[in-house]
**Student:** 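Just passing along the structure, written as structure tokens.
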Amino acid sequence: QRVQFEMWDSDEPVPRLELLKKVKGCDGILCVLTEKIDAQLLEAAGPNLKVVSTMSVGFDHLSLDELKKRGIRVGYTPDVLTDCVAELTVALLLATSRRLIEATHEAKTGGWGTWRTLWLCGHELANSTVGILGLGRIGVAIAERLKPFKVKKFIYTDVAPRPELANMIEAEYVSFDELAKQSDFLAVCCALTQETHGICNWNLFSKMKKNAIFINTSRGGVVNQEDLYEALSTGLIAGAGLDVTTPEPLPTHHPLFTLKNCVILPHIASASYTTRNAMSALAANNLLAGLRGEPMPKELKL
């Protein structure tokens, strides 16, 4: 059975008013994380809407309560981006801890003089403790990639212990406070929910080691950026690497951009050709299965 569809053929997000107009009468919507699927949009779409498929593993842009209330099924794209996000997280961690962006700038701008004993020294992974906030597939994949760097110990915290996943990487479950106190490197991998919104704030940073490196490749909303700026600018922690911010894009005049010990990327964790193609195919197949009333390859249970 053929599907009639209309596509927004641009890398730029579809303007909100255009989106509200185009969804009227649709049976299905395939969106990305720049589109807010809320009550207003669902009202505009009308009663024909059966399925929303998002080309993302995160779903904080979807009003799940509104979707559930209307009986609309939701597809998403976990698993296919795990390896790609884990690779980028490791790259960002190394770039931050070994001060690679700062070093590149010095080489380009004439700062590279004679060899100096402690110039551009960073922090290494060998014999370190790596903490993971939110242990899921991506957290496990990050730890698997970091293990060959001779990490001494992996620790994690979550809403509850996750022994099956933890056993894969020999990770120890600890409290939130202990995660802050023990981690030399702290990778944030949790979903953005009401409970995790702003969870990485002064309470966390004030308990961390002065040599600690903070990495976030989950969602910008889990971090209080004002508190992070204070922690970085006062030397409370050694450095931060962010692939996600609030808002996105982060304004170029934002104070975090003024800090040498903060590496900011433009939300590219899943940006490989292989992964984006796989995400596209999975999102399309979720949508088609939902329209047919069949089980989706990856459905978010509401």
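A quick note: this is a predicted structure, and the numbers were derived from the prediction, not measured.
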**Student:** Among all residues two or more places apart in sequence or in another chain, which pass the side chain to side chain donor-acceptor pair (under 3.5 Å) test with Thr193?
**Tutor:** Glu195, Thr196
**Student:** Check whether any side-chain N or O of Asn201 sits under 3.5 Å from a backbone N or O of Gly198 as a donor-acceptor pair, and report yes or no.
**Tutor:** yes
**Student:** Under a plain distance cut-off of 3.5 Å, with no hydrogens placed, do Ser175 and Asp177 share a side-chain donor-acceptor pair?
**Tutor:** no
**Student:** What pairs of donor and acceptor atoms, side-chain ones from residues 122-142 against any protein atom, are under 3.5 angstrom apart with sequence neighbours left out?
**Tutor:**
{"unit_1": "Ser128", "atom_1": "OG", "unit_2": "Leu125", "atom_2": "O", "d": "2.6"}
{"unit_1": "Arg137", "atom_1": "NE", "unit_2": "Asp79", "atom_2": "OD1", "d": "2.4"}

**Student:** Just by modelled atom types, is the Met296 backbone N or O under 3.5 Å from a matching donor or acceptor in the Asn286 side chain?
**Tutor:**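 Answer holds: no.
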**Student:** Rest of the hydrophobic cluster containing Phe5 (Ile/Leu/Val/Met/Phe/Trp/Tyr, side-chain heavy atoms under 4.5 Å)?
**Tutor:** Met7
**Student:** Which pairs with one or both residues in residues 5-17 pass side-chain hydrogen bond (donor to acceptor under 3.5 Å, both in side chains), sequence neighbours excluded?
**Tutor:** Glu6-Lys22, Arg16-Asp38, Arg16-Gln40
**Student:** Begin with the C-alpha distance, continue with both residues' side-chain angles, and end with the deciding distance and a verdict on side chain to side chain contact (heavy atoms under 4.5 Å, CB included) for Glu226 and Tyr229.
**Tutor:** CA-CA 5 Å; Glu226 288 73 23; Tyr229 173 81; 5.8 Å; no
**Student:** Could you tell me whether Phe205 and Phe214 have their ring centroids closer than 6.0 angstrom?
**Tutor:** yes
**Student:** List the residues meeting side chain to side chain donor-acceptor pair (under 3.5 Å) with Thr217, not counting sequence neighbours, and say none if there are none.
**Tutor:** Thr89
**Student:** Is the backbone N or O of Leu62 less than 3.5 Å from a side-chain atom of Lys36, with the two atoms forming a donor-acceptor pair by type?
**Tutor:**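 Flag not set: sc Lys36 to bb Leu62 has no pair under 3.5 Å.
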**Student:** What's the shortest heavy-atom distance between Val151 and Leu146, and which atoms?
**Tutor:**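 Residues Val151 and Leu146, closest heavy atoms: CG2-O, 3.5 Å.
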**Student:** Is there any side-chain hydrogen bond (donor to acceptor under 3.5 Å, both in side chains) pair reaching into residues 68-78, and which pairs are they, with sequence neighbours excluded?
**Tutor:**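 Pairs touching residues 68-78 that pass the test: Glu43-Arg70, Glu66-Lys69, Glu66-Arg70, Arg73-Glu299.
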**Student:** Provide the closest heavy-atom pair for Leu232 versus Ala238 in the form atom of the first, atom of the second, distance.
**Tutor:** CD2-C, 4.5 Å
**Student:** Check step by step if side chain to side chain donor-acceptor pair (under 3.5 Å) holds for Thr274 and Ser272.
**Tutor:** CA-CA 5 Å; Thr274 301; Ser272 78; 4.9 Å; no
**Student:** Between the side chain of Arg145 and the main-chain N/O of Ala86, is any donor-acceptor distance below 3.5 Å?
**Tutor:**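 Not at all, since once roles are kept as given, no pair shorter than 3.5 Å links the two residues.
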